[in-house]
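Labels below follow one simple rule: chain letters A, B, ... track the order of the sequence lines, proteins then strands, and each chain is numbered from 1.
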Amino acid sequence: MINIKNLHKKFEKLTVLDGLDLTINKGGISAILGPNGSGKTTLIKCLLGMVIPNKGDILLDEENVLKKWDYRNNLNYLPQIANFPSNLSVIELIKMVKNLRPKESNEQELIDLFGLNEFLNKKLGNLSGGTKQKVNIVLTFMFDSQLVILDEPTTGLDPIALIHLKKLIKKEKEKGKTILITTHIMSFVDEMADEIVFLLDGKIYFKGSVDKLKKQTNETDLEHSIATLMS
Amino acid sequence: MLKILKYSIYDLLRSRWSYVYFIFYLLIGFVLLFLNNDINKAVITLMNIIIVLTPLIGTIFGVMYYYNSKEFTELLLAQPIKRNKIFMGQYIGISLSLTLSLVLGLGIPFVLYGLFRSTAIFDFSLLILVGSFLNFIFVALAYNIALSTENKIKGFGYAILMWLFLAVIYDGLFMISLMLFNEYPLDNFSLIATMFNPIDLSRILILLKLDISALLGYTGAVFKDFFGTNKGFFLSFLVLCLWIIIPLFRMSRKLRKKDF
């Protein structure tokens with residue numbers, strides 16, 4: 001599904017990605033982990049075409065996507081910070097994003113799930129952080145795409161919304177979708193991820209299942225194994 | 001692009017600032033007409049305001065909109081749309097909504113005062129046209145600055161400096177150079193120097209048409225002499241168009257390499 005070859009990215013003098021190679025197979029949840037500043041977001045943004053790599057190739061389903069834009073129709077992305085134009089209402093924003101993508105969408109189901117019905121006509125500027133994140137989630141999951149990328153999806157969510165989100169992600173996985181998640185919450189990774197991709201110094205430091213990681217580091221819980229990996 | 005444009009306008013038309021700007025022009029229009037009691041005189045006073053103010057507002061709005069909608073732009077960048085289209089849509093959206101405030105804000109008082117029955121209608125339309133050009137030019141320049149400057153405060157600073165330079169400092173330098181070199185023939189120099197500043201160019205364009213270029217002294221005379229009124233008129237408009245096209249061209253080049 002995703003095939004990244006020899007990816008390099010420098011921001012002025014700071015090398016963020018340094019010859020990264022990564023293959024992610026179709027279907028399943030991969031968690032991209034790493035210390036702060038290890039290049040997780042840069043990697044994701046390269047995949048989305050928001051950051052332009054200095055060198056290397058990114059192939060989605062055998063097709064090079066660098067400098068292209070239409071492949072994003074088959075990709076859903078949940079950005080880290082949800083900040084929307086404050087003068088639009090929730091329903092207007094949803095309609096707008098629908099308008100931009102010529103695709104079927106099931107927003108009503110998600111609006112009901114996250115209890116957003118009463119907020120539909122409220123201005124986005126007046127919503128709380130958690131509610132904005134719910135809108136963000138609706139915008140991400142309302143389209144049926146093969147690749148779903150979630151950057152810190154749990155930010156600001158209350159426990160009930162978190163349970164809904166987990167169910168939602170599992171449901172998408174059952175449909176055979178490829179899901180990439182970055183997060184710092186290890187219990188979330190432990191519960192959800194099939195595979196862990198650990199980034200360090202712009203390269204893949206570890207790739208494999210949660211069990212493999214625990215075995216390799218001789219630790220019983222994920223948090224400690226990650227800590228061992230970092231040190 | 002049209003979809004982005006539509007939503008940018010929609011968003012801006014609901015923002016408080018668009019209305020503040022609109023009401024400001026409305027008030028200026030009424031006050032000037034009330035004080036001058038003459039459309040022709042009001043147009044001249046208005047020119048002095050428009051020529052300095054529209055660039056300032058265009059600059060501030062452009063930079064502000066870019067930085068404020070940064071996260072939302074990122075959301076759009078993840079959608080299947082070309083980068084260029086997103087930014088062009090936003091750019092045209094801001095410029096158009098500012099132009100709308102200008103046209104309506106000044107149009108309403110002047111039409112109520114009897115613009116259509118007056119001889120000043122042509123001068124007034126020219127004024128509005130030039131004001132609109134200045135909107136489009138300065139929003140484009142502001143977007144260029146914002147795109148090249150990650151830091152919001154720095155971006156604001158550069159944009160205001162750019163406005164200050166073109167609106168005030170440039171004229172000062174121009175005057176000093178005219179005084180220093182007044183023993184040499186300066187016609188060509190002053191012509192070319194005018195072209196390099198959209199604010200000066202707009203001012204001269206209007207003054208030429210208002211037929212009070214004698215008041216302008218040297219530059220006005222040179223302009224009339226050199227082009228004859230019609231030729232100068234079209235050349236000036238051509239240069240104003242270039243002042244939009246060149247920044248937009250740079251913007252689309254910059255976008256090809258920019259990381260978000």
Could you tell me whether A/Lys103 atom NZ has more than 12 heavy atoms of other residues or ligands within 6.0 Å of it? yes
How long is the gap from CD1 on B/Ile81 to CG on A/Asp70, to the nearest 0.5 Å? 12.5 Å
Just do the side-chain contact (heavy atoms from CB on, under 4.5 Å) check on B/Tyr10 and A/Glu92 with the steps written out, would you? CA-CA 10 Å; B/Tyr10 202 51; A/Glu92 280 164 350; 3.1 Å; yes
Would you compute the distance between atom CG of A/Leu100 and atom CG of B/Leu76 and round it to the nearest 0.5 angstrom? 6.5 Å
Chi angles and distances behind the side-chain contact (heavy atoms from CB on, under 4.5 Å) call for A/Arg101, B/Gln79: CA-CA 7 Å; A/Arg101 290 176 79 156; B/Gln79 305 297 332; 2.9 Å; yes
So which part of B/Lys6 gets closer than 4.5 Å to some heavy atom of chain A, the side chain, the backbone, both or neither? side chain
In terms of heavy-atom pairs under 4.5 Å with chain A, the winner among B/Lys70, B/Arg16, B/Arg83 is B/Arg83
Can you give me the closest heavy-atom contact between B/Ala78 and A/Leu48, atom names plus distance? CB-CD2, 4.2 Å
Should we say atom CZ of B/Phe196 is surrounded by more than 12 heavy atoms from elsewhere, each under 6.0 Å from it? no
Bottom line for B/Ser15: the part with an atom under 4.5 Å from chain A's heavy atoms is both
Inspect the surroundings of OH in A/Tyr205 and state if more than 12 heavy atoms from other residues, nucleotides or ligands are less than 6.0 Å away. no
Can you list the residues of residues 14-37 of chain A that sit under 4.5 Å from chain B, counting heavy atoms only? none
Tell me whether A/Lys166 at atom NZ has more than 12 heavy atoms from other residues, nucleotides or ligands lying less than 6.0 Å away. yes
Pairwise side-chain contact, B/Leu75 with A/Asn136, heavy-atom cut-off 4.5 Å (strictly under): yes
Select one option (side chain, backbone, both, neither) describing which atoms of A/Lys9 are under 4.5 Å from chain B's heavy atoms. side chain
With rounding to the nearest 0.5 angstrom, report the CG to CH2 distance, B/Asn84 to A/Trp69. 12.0 Å
About how many Å separate CG of A/Leu93 and CZ of B/Phe72, when rounded to the nearest 0.5 Å? 5.5 Å
Between the CG atom in B/Asp259 and the NZ atom in A/Lys10, the distance rounded to the nearest 0.5 Å is 14.0 Å
Would you mind checking which part of A/Lys67 comes under 4.5 Å of any heavy atom in chain B, side chain (CB onward), backbone (N, CA, C, O), both or neither? neither
Would you say A/Asp201 has more than 12 foreign heavy atoms packed within less than 6.0 Å of its CG? no
Strictly distance-based, threshold 3.5 Å: is any side-chain N or O of A/Arg72 a donor or acceptor partner for the main-chain N or O of B/Leu77? yes
Check whether B/Lys3 gets within reach of chain A through its side chain, its backbone, both or neither, counting any heavy atom under 4.5 Å. side chain
Find the distance between CG (A/Asn54) and NZ (B/Lys257) and round it off to the nearest 0.5 Å. 11.5 Å
Please list, in residue-number order, every residue in residues 168-177 of chain A that has a heavy atom less than 4.5 Å from any heavy atom of chain B; write 'none' if there are none. none
So which part of A/Tyr71 gets closer than 4.5 Å to some heavy atom of chain B, the side chain, the backbone, both or neither? neither
